[in-house]
Each structure stands twice: as C-alpha cells, then as structure tokens.
Amino acid sequence: MTLKIYNTLARDKVDFKPIEPKKIRLYVCGMTVYDYCHIGHARVLVSFDVITRFLRSQQWDVEYVRNITDIDDKILNRADENGEVYTDLTERFIHAMHEDEAQLNVLPPDQEPRATAHMDGIIDMVSQLIDKDFAYQANNGDIYYRVNKFENYGQLSGKNPDELLSGARIEIGEAKEDPRDFALWKAAKPNEVYWDSPWGAGRPGWHIECSAMSKSCLGATFDIHGGGPDLPFPHHENEIAQSEAANGCKFVNYWMHAGAVRVDGEKMSKSLDNFFTIRDVLKKYHPEVIRFLIVSSHYRSAINYSEDNLIEAKSGLDRFYQTLKKCMHIEPTALVSLSASTYYPRFVEAMNDDFNTRIALAVMYDLVKEVNSLGEGDENLTSTLIAELKAMANILGVLQADPVEFLQAGSTNDGLSADEIEAYIAERQQAKLDKNYARADEIRKLLIEQKIVLEDSREGTTWRKE
RNA sequence: GGCGCGGUGGCAGAGUGGUAAUGCAGCGGAUUGCAAAUCCGUCAACGCCGGUUCGAUUCCGACCCGCGCCUCCA
C-alpha cells in the first residue's frame with residue numbers, strides 16, 4: 001500500500017517516495033520559547049506526533065527532528081520586560097512546553113536542536129552564502145540574503161518575486177539592497193547578547209537557524225519538512241533559498257503544513273492576542289479531549305476552537321470509554337497479527353491516504369458498534385476486537401486513560417468527592433431494596449445537579465461525570 | 001490588489017462521475033422500578049448559475065459568501 005502525502009510544493013496529494021528505502025527524515029519547525037504553548041501549537045505537536053506514530057507502525061524508520069528557537073527578538077524583548085536573563089526565560093518555557101507535550105501524550109522527537117547550540121553551523125552557512133554571493137553585509141553591520149539572486153524564490157508559497165518587490169514595505173533607515181532581502185545575521189546592539197562571527201558580534205536571523213539545524217541533524221537533502229499554517233511564507237520560502245543556495249542541492253522533497261486553529265472564525269495567533277494556552281484548557285478538560293478534538297478532523301483543514309467542540313470531543317471519547325470499560329485489562333494486539341482484522345486494514349488505508357484521521361476514527365467507531373452489539377457469550381471475539389481497538393488507538397495516541405477514571409473525571413474538578421458519591425449510591429441502593437423509589441430518584445436527581453450520572457447494571461451501580 | 005483554500009443534514013466532519021461515511025443532538029422501539037449506558041429503527045445535507053456528460057455534490061467556467069498568506073506568528 002502506498003503512502004500518499006499532500007505536498008505544499010506540488011499543491012497536490014502525491015505518492016511518497018523516500019530518499020532511502022523505508023527511511024523518513026522529518027524536520028518540523030518547533031516553538032519560539034517566550035511564552036506558553038497555545039492550541040495552535042498543540043495542533044502541530046499532535047498532528048506530527050500522530051504522523052510519526054503511524055509511520056513507525058508501518059515499519060518506516062522515522063528520524064524526527066523538531067527544533068527550539070531559543071534566541072530571537074521576541075525572546076529578548078520579553079526577557080527585557082521581565083527584567084530577567086533571557087536564558088532563564090527560555091529554560092522556563094522549554095520546561096513548560098515539555099510538560100504540555102507530556103500532558104497531550106506527544107512523544108519527544110528524536111532530536112530537539114536549539115538554535116543557540118548550532119551557532120557554528122549557522123555561521124558556516126552564512127559564510128558560504130557570502131562566498132557564493134548570495135549574501136552581503138550592509139552598512140549597518142547586518143548580513144542579508146540577496147533574494148534577487150535565487151531564481152526559484154516564491155516556488156513554495158506561489159509568490160511572484162516581482163510582485164513581492166512592488167508590495168514590499170520599506171523601513172526607515174533601510175540598509176538592504178532590495179526590500180525583499182531578509183536578515184541572516186543581525187549585528188549586536190549595545191548590551192545585547194551576541195556571538196562572535198567573521199562579520200562581527202551578533203546573532204542569527206530566524207530563518208537561517210532552521211536551514212543550519214536541519215542540515216546538521218538530517219543532511220542537506222531530506223524527505224519531509226513540516227510546520228504550522230503561517231510558515232510557508234516567508235519562513236519556509238527563505239529556508240529553501242538559503243539551503244539550496246548554500247548546499248547546491250534540493251533541500252526538501254515534501255512540505256507538509258498543518259491547518260489553522262480558529263477562534264470565532266479568526267485565526268488564533270499570538271499577534272492577534274486571541275489565543276488559548278494548552279494549560280488554560282487543561283484546567284477544565286482532560287488532555288485527551290484536546291488531542292481527540294485535533295484528531296477528529298484532517299490535519300490540513302481549519303478547526304474551530306470552541307467550548308461546544310470540546311464538549312463534543314468529550315462525548316465522542318465517552319463512547320469509546322464506555323465500551324472499553326466493559327473489558328478492562330486487555331492488551332493491544334501486536335500490529336503484525338492484525339492482518340486478519342476487518343477493521344485494521346481500513347484504518348491503515350485511511351492513514352496512508354494523507355493521514356486521514358477522521359476516517360480512521362470512523363473505522364474505530366464501527367468496531368465499537370460491533371463490540372457493543374455482541375452478546376455475553378462472545379467474550380473471545382470481544383477481547384479480540386477490544387485489543388484491535390487499542391492497537392489503533394495507540395497509533396492515534398488516544399484512549400490511553402483508565403476508562404473509569406476518564407469517565408469520572410468529567411469536565412470539571414469541583415463538586416462532590418468520590419466518597420460522597422459512593423455514600424449516596426449506597427443509600428440509593430438501600431432505598432431501592434426497600435422499594436422506596438421516591439428516595440432513590442431523589443438521590444439520583446440530586447447527583448444529576450452535580451453533573452453526576454448514575455448507571456445501573458447487573459454488576460451494580462457506577463457513576464460518571466458529564 | 002496578488003496568490004491560495006473552503007462553502008456537505010440541527011451541529012461537527014469525511015468522501016465520491018451513478019443508492020453521500022462517522023460522531024453528537026432529535027424522534028420511535030427494545031432494555032430499565034424509572035433513568036443512564038447500550039442495541040435496533042428513523043428523520044434530515046452537497047452556496048448560486050451555466051457548461052461537459054446517458055448521468056455532477058464530485059470535472060470546467062462565472063458569481064456570491066467565508067477564510068488564509070502577502071509583516072513577527074504553529
């Protein structure tokens with residue numbers, strides 16, 4: 001079965017062909033660490049986590065690199081505002097990011113390079129670009145990339161270089177030869193952190209670090225480069241210009257871009273100041289709810305972030321966990337023995353088709369329906385199906401919680417304690433035995449007001465939070 | 001203005017040149033002391049106008065609407 005990937009460069013879904021058989025080298029643009037991660041970041045994190053998990057499940061040898069930008073104007077400005085050393089700021093938010101990732105069940109990448117640890121590679125690449133005349137030092141000391149010299153500029157984003165020229169803003173005191181040129185190296189301002197270079201003290205521009213880090217971690221040419229929806233221009237366009245000019249070879253074969261997260265129909269972003277951080281949402285919802293919301297639509301389509309959508313994601317998960325609850329302690333089926341499954345091949349087919357997680361989920365719902373409709377006597381089949389379900393869930397990185405705990409966690413942390421609830425259930429049980437249904441119903445009603453739903457079965461009464 | 005993406009049932013969200021998945025919600029039934037959960041059944045959708053075609057939601061063109069990038073942003 002062939003893997004199809006939507007390649008932004010081709011603007012089409014195409015068959016994936018690796019550089020090396022069964023090997024995939026993947027680089028994803030990570031965070032600039034000056035604040036907490038928001039839901040948009042979560043989407044990129046989760047999407048590429050699902051992608052790598054799936055690829056590995058299909059025996060692809062994935063080398064996943066996701067960088068950290070730990071030197072940048074925003075970082076220095078924020079550190080300045082806080083009156084702290086910039087490295088204290090970045091360390092703090094890197095730590096916070098790792099915590100958020102762990103909460104969302106995002107596996108760490110194989111390599112997580114930081115810009116400040118790759119200064120030699122960055123300086124080397126800038127030197128090469130200067131040597132090849134693709135870069136120059138302006139009279140303000142900055143080094144700029146000479147966009148006009150790179151023939152295919154605009155290929156990824158579909159921009160026409162001439163139109164970019166006419167539309168470009170010209171800053172006051174502009175030192176560039178051409179308004180489209182972008183900084184590779186910024187000369188140090190007084191009292192600013194700096195690194196020494198052949199062109200004087202300074203620090204790298206944003207784009208060059210990804211070119212240098214990807215080369216160092218994966219080589220001059222690699223298979224897939226991913227990132228958020230706002231990166232094709234200018235960031236990725238500039239990466240292509242830098243890497244291909246410096247290395248003299250193709251940079252990346254496939255470009256993948258996640259869709260936007262919107263709030264009230266507008267893009268959620270730091271610059272619009274309409275973002276929700278991951279930790280904001282985790283105060284109210286189980287982390288799997290966020291992950292499920294992301295996986296519930298295709299990674300490229302825009303998703304709307306709203307309370308309603310979170311509640312719906314929770315409901316969807318509840319359905320899975322209700323089924324899982326019936327059959328605890330079953331281990332997922334080994335992937336190799338899943339060929340006989342009626343569901344798994346459909347799941348794989350969907351995922352191989354540009355990672356269609358929504359259809360993968362539909363397959364899992366179909367399986368749940370079959371399990372739920374089986375009678376008591378079909379325990380073997382039930383176990384088999386549940387094990388298959390778990391194997392698929394592991395690929396999506398969902399359904400990792402204990403079913404009872406998940407169902408009882410609900411969407412809030414306030415209200416009655418488990419002991420209090422159990423006491424009410426015991427009292428209601430006695431009332432039922434006494435045929436005092438008025439009192440039994442009164443208790444249930446009282447609990448409903450606290451968002452506690454009771455479920456009676458032959459084995460007794462269980463509860464969950466709405 | 002340039003480039004690009006999208007408009008599918010009440011909501012969310014796939015997909016297809018020929019009976020349009022799946023989930024949530026609704027309705028009817030089974031089950032239950034009554035519920036909940038679950039099962040069975042059921043209602044209901046392809047922005048608008050042309051074209052190609054035996055046949056279009058799917059392909060082509062125009063239009064309307066929404067969104068993204070064009071500046072730091074995942």
Side-chain angles (χ1 to χ4, degrees), chain A residues 8 11 28-32 34-35 37-45 47-48 66 72-74 77 154 157-160 162-164 166-169 171 182 206 226-235 237 257-262 265-273 275 292-293 296-298 300-304 306 308-309 311-323 325-326 346 350 353 356-366 368-369 371-375 407 432 435-438 440-441 444-445 447-448 452-458 461-464 466:
Chain A
T8 308
R11 291 180 192 288
V28 174
C29 288
M31 253 49 73
T32 299
Y34 68 101
D35 207 340
C37 295
H38 62 224
I39 303 299
H41 297 120
R43 187 171 196 197
V44 173
L45 255 16
S47 296
F48 283 98
R66 194 184 60 229
D72 169 81
D73 286 353
K74 292 205 170 196
N77 292 341
S157 53
K159 309 276 181 214
N160 179 327
D162 295 338
E163 279 160 3
L164 282 171
S166 64
R169 295 196 311 192
E171 305 284 341
F182 56 90
W206 176 38
D230 37 16
L231 295 185
F233 190 90
H235 187 233
E237 200 70 71
H257 296 279
V261 176
R262 292 184 189 155
E266 264 196 322
K267 188 179 79 160
M268 168 158 68
S269 75
K270 287 186 177 177
S271 51
L272 290 172
D273 197 32
F275 63 93
F292 195 82
L293 175 66
S296 292
S297 48
H298 187 89
R300 275 189 287 115
S301 59
I303 57 176
N304 204 38
S306 69
D308 283 352
N309 285 345
I311 290 168
E312 195 174 311
K314 163 82 166 72
S315 301
L317 279 171
D318 280 350
R319 180 165 170 80
F320 283 114
Y321 278 117
Q322 288 282 6
T323 299
K325 191 177 72 168
K326 303 199 300 191
R346 290 170 57 203
D353 185 14
N356 197 327
T357 50
R358 183 62 193 202
I359 289 190
L361 232 35
V363 173
M364 290 164 66
Y365 278 119
D366 285 349
V368 160
K369 177 156 280 188
V371 170
N372 287 339
S373 60
L374 288 173
L407 290 168
K432 279 171 67 176
K435 302 266 189 243
N436 183 356
Y437 292 121
D441 290 349
R444 193 174 59 210
K445 194 176 164 203
L447 290 172
I448 284 283
I452 306 298
V453 182
L454 298 185
E455 293 173 358
D456 295 338
S457 72
R458 278 195 206 111
T461 301
T462 59
W463 62 274
R464 69 184 162 88
E466 269 193 332

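The sequence lines fix the lettering, A, B, ..., with proteins before strands; numbering per chain opens at 1. These numbers come from the heavy atoms of this one structure, side chains and all, not from hydrogens, waters or symmetry mates.
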Does B/C39 pair with anything, Watson-Crick or G-U wobble, both distances under 3.5 Å, and if so, with which nucleotide? B/G29
Please report the distance separating the P of B/U31 from the corresponding atom of B/G23, rounded so that it comes out in whole Å. 24 Å
Hey, is the side chain of A/Asp441 pairing donor to acceptor with the base of B/G33 inside 3.5 Å? yes
Distance criterion of 3.5 Å, no angle test: do you see the side chain of A/His257 paired donor-to-acceptor with the base of B/A74? no
B/A37, OP1 or OP2 - any side-chain N/O from A/Trp463 closer than 4.0 Å? no
When only distance counts, do a donor and an acceptor, one from the side chain of A/Arg300 and one from the base of B/C5, lie under 3.5 Å apart? no
Indicate whether OP1 or OP2 belonging to B/C3 is found under 4.0 Å from a side-chain N or O atom of A/Asn160. no
Would you check if A/Tyr437 stacks with the base of B/G33, given a 5.5 Å centroid limit and a 30° plane limit, both strict? yes
Just to be sure I understand the rule, does A/Glu455 reach a base, reach only the sugar-phosphate, or reach nothing, if contact means heavy atoms closer than 4.0 Å? base
Side-chain atoms of A/Trp206 come closest, of B/C40, B/U22, B/C72, to B/C72
Consider the side chain of A/Asp456, meaning its heavy atoms from C-beta on, and name the nucleotide among B/A12, B/C69, B/C34 that approaches it most closely. B/C34
When rounded to the nearest 0.5 angstrom, what is the spacing between OG in A/Ser297 and CG in A/Leu361? 10.0 Å
Between B/A37 and B/A25 - P atom distance, rounded Å: 7 Å
Walk me through whether A/Lys270 and A/His41 qualify under side-chain contact (heavy atoms from CB on, under 4.5 Å). CA-CA 11 Å; A/Lys270 287 186 177 177; A/His41 297 120; 3.6 Å; yes
Quick one: label A/Lys432 by what it contacts on the DNA or RNA (base, sugar-phosphate, nothing), any heavy atom closer than 4.0 Å. base
Nearest-nucleotide pick for A/His41, side chain only, options being B/G23, B/C72, B/A74: B/A74
Using 0.5 Å steps for rounding, measure from the CD atom of A/Gln322 to the CG atom of A/Asn372. 9.0 Å
Separation of A/Ile303 atom CD1 from B/C11 atom C1', in whole Å? 16 Å
How is A/Asp366 classified with respect to the nucleic acid when contacts are heavy atoms under 4.0 Å: base, sugar-phosphate, or nothing? sugar-phosphate
Paired to B/G50 by Watson-Crick or G-U wobble criteria (both distances under 3.5 Å) is B/C60
Quick note, A/Gln322 side chain, CB onward, closest among B/A74, B/U38, B/G4 is B/U38
Using whole Å, report how far CD of A/Glu312 lies from C1' of B/G23. 7 Å
In whole angstroms, how far is the C1' atom of B/A36 from the CG atom of A/Leu407? 12 Å
Using a cut-off of less than 4.0 Å, is there contact between a side-chain N or O of A/Asn372 and OP1 or OP2 of B/C39? yes
NE2 of A/His38 to CE of A/Met31, rounded to nearest 0.5 Å, is 8.5 Å
A/Gly259 backbone acceptor or donor facing A/Arg300 side chain under 3.5 Å: no
Would you find a donor on one side and an acceptor on the other, under 3.5 Å apart, between the side chain of A/Arg444 and the backbone of A/Leu454? no
At under 4.0 Å between heavy atoms, what does A/Ser297 touch on the DNA or RNA strands: base, sugar-phosphate, or nothing? sugar-phosphate
For A/Asp318, answer base if it contacts any base atom (sugar-phosphate contacts may also be present), sugar-phosphate if it contacts only those atoms, and nothing otherwise; contact means non-hydrogen atoms under 4.0 Å. nothing
Report the distance from atom CG of A/Leu272 to atom P of B/C67, rounded to the nearest whole Å. 12 Å
Using heavy-atom distances to pick each residue's nearest nucleotide on RNA chain B, tell me which of A/Val368 and A/Pro232 is more 5'. A/Val368
Name the pairing partner of B/G68, where a pair is Watson-Crick or G-U wobble with both distances under 3.5 Å, or state none. B/C3
Answer with base, sugar-phosphate or nothing: what part of the nucleic acid does A/Ala260 contact at a heavy-atom distance below 4.0 Å? base
May I have the distance from A/Arg444 (atom CZ) to B/A36 (atom P), rounded to whole angstrom? 8 Å
Of all the nucleotides listed (B/A21, B/C72, B/A74), which has the minimum atom distance to the side chain of A/Lys74? B/C72
So do A/Asp318 and A/Lys314 actually touch side chain to side chain, heavy atoms under 4.5 Å? yes
Any A/Arg464 side-chain nitrogen or oxygen under 4.0 Å from OP1 or OP2 of B/A36: no
Ignoring backbone atoms, test whether A/Arg346 places a side-chain nitrogen or oxygen under 4.0 Å from the OP1 or OP2 oxygen of B/A21. no
Do A/Lys159 and B/C70 share a donor-acceptor pair, side chain to base, under 3.5 Å? no
Contact class for A/Leu231 vs. all strands (heavy atom < 4.0 Å): base, sugar-phosphate, or nothing? sugar-phosphate
For nucleotides B/U58 and B/C48, find the distance between their P atoms and express it as a whole number of Å. 11 Å
State which of B/C39, B/A14, B/A74 makes the closest approach to the side chain of A/Arg358. B/A14
A/Asn309 side-chain N/O to A/Leu293 backbone N/O, donor-acceptor pair under 3.5 Å: no
Measuring only the C1' atom in each nucleotide, how far is B/U8 from B/A12? A whole number of Å is fine. 12 Å
Check whether the side chain of A/Lys267 and the base of B/C67 form a donor-acceptor pair under 3.5 Å. no
Whole-Å distance between B/A37 C1' and A/Lys325 NZ? 7 Å
Whole angstrom value for the distance that separates C1' of B/C73 from CG of A/Leu45: 16 Å
How long is the straight-line distance from CG of A/Leu272 back to CD of A/Glu266, given to the nearest 0.5 Å? 5.5 Å
Among B/G68, B/C69, B/G4, find the nucleotide with the atom closest to the side chain of A/Phe233. B/C69
Answer yes or no: does a side-chain N or O of A/Arg319 lie under 4.0 Å from OP1 or OP2 of B/C39? yes
In Watson-Crick or G-U wobble terms, with both distances under 3.5 Å, the base opposite B/G17 is none
RNA chain B nearest-nucleotide lookup for A/Met31 and A/Ser315: closer to the 5′ end is A/Ser315
Within the structure shown, what part of the strands sits under 4.0 Å from A/His38 by heavy-atom distance: base, sugar-phosphate, or nothing? base
When we call it a touch if two heavy atoms are under 4.0 Å apart, what does A/Gly265 touch: a base, just sugar-phosphate, or nothing? sugar-phosphate
Does the side chain of A/Ser301 get closer than 4.0 angstrom to OP1 or OP2 of B/A12 through an N or O atom? no
Is it the case that B/C24 (base atoms only) and A/Asn309 (side chain only) share a donor and an acceptor within less than 3.5 Å, ignoring hydrogens and angles? no
Roughly, in whole Å, what's the span from CD1 in A/Ile311 to P in B/A25? 12 Å
Regarding A/Val363, tell me which of base, sugar-phosphate or nothing describes its non-hydrogen contacts under 4.0 Å with the strands shown. nothing
May I ask you to say what A/Gly158 touches in the nucleic acid, namely base, sugar-phosphate or nothing, with a heavy-atom cut-off under 4.0 Å? sugar-phosphate
Would A/Lys432 and A/Tyr437 satisfy side-chain contact (heavy atoms from CB on, under 4.5 Å), going step by step from the backbone distance to the final call? CA-CA 6 Å; A/Lys432 279 171 67 176; A/Tyr437 292 121; 4.3 Å; yes
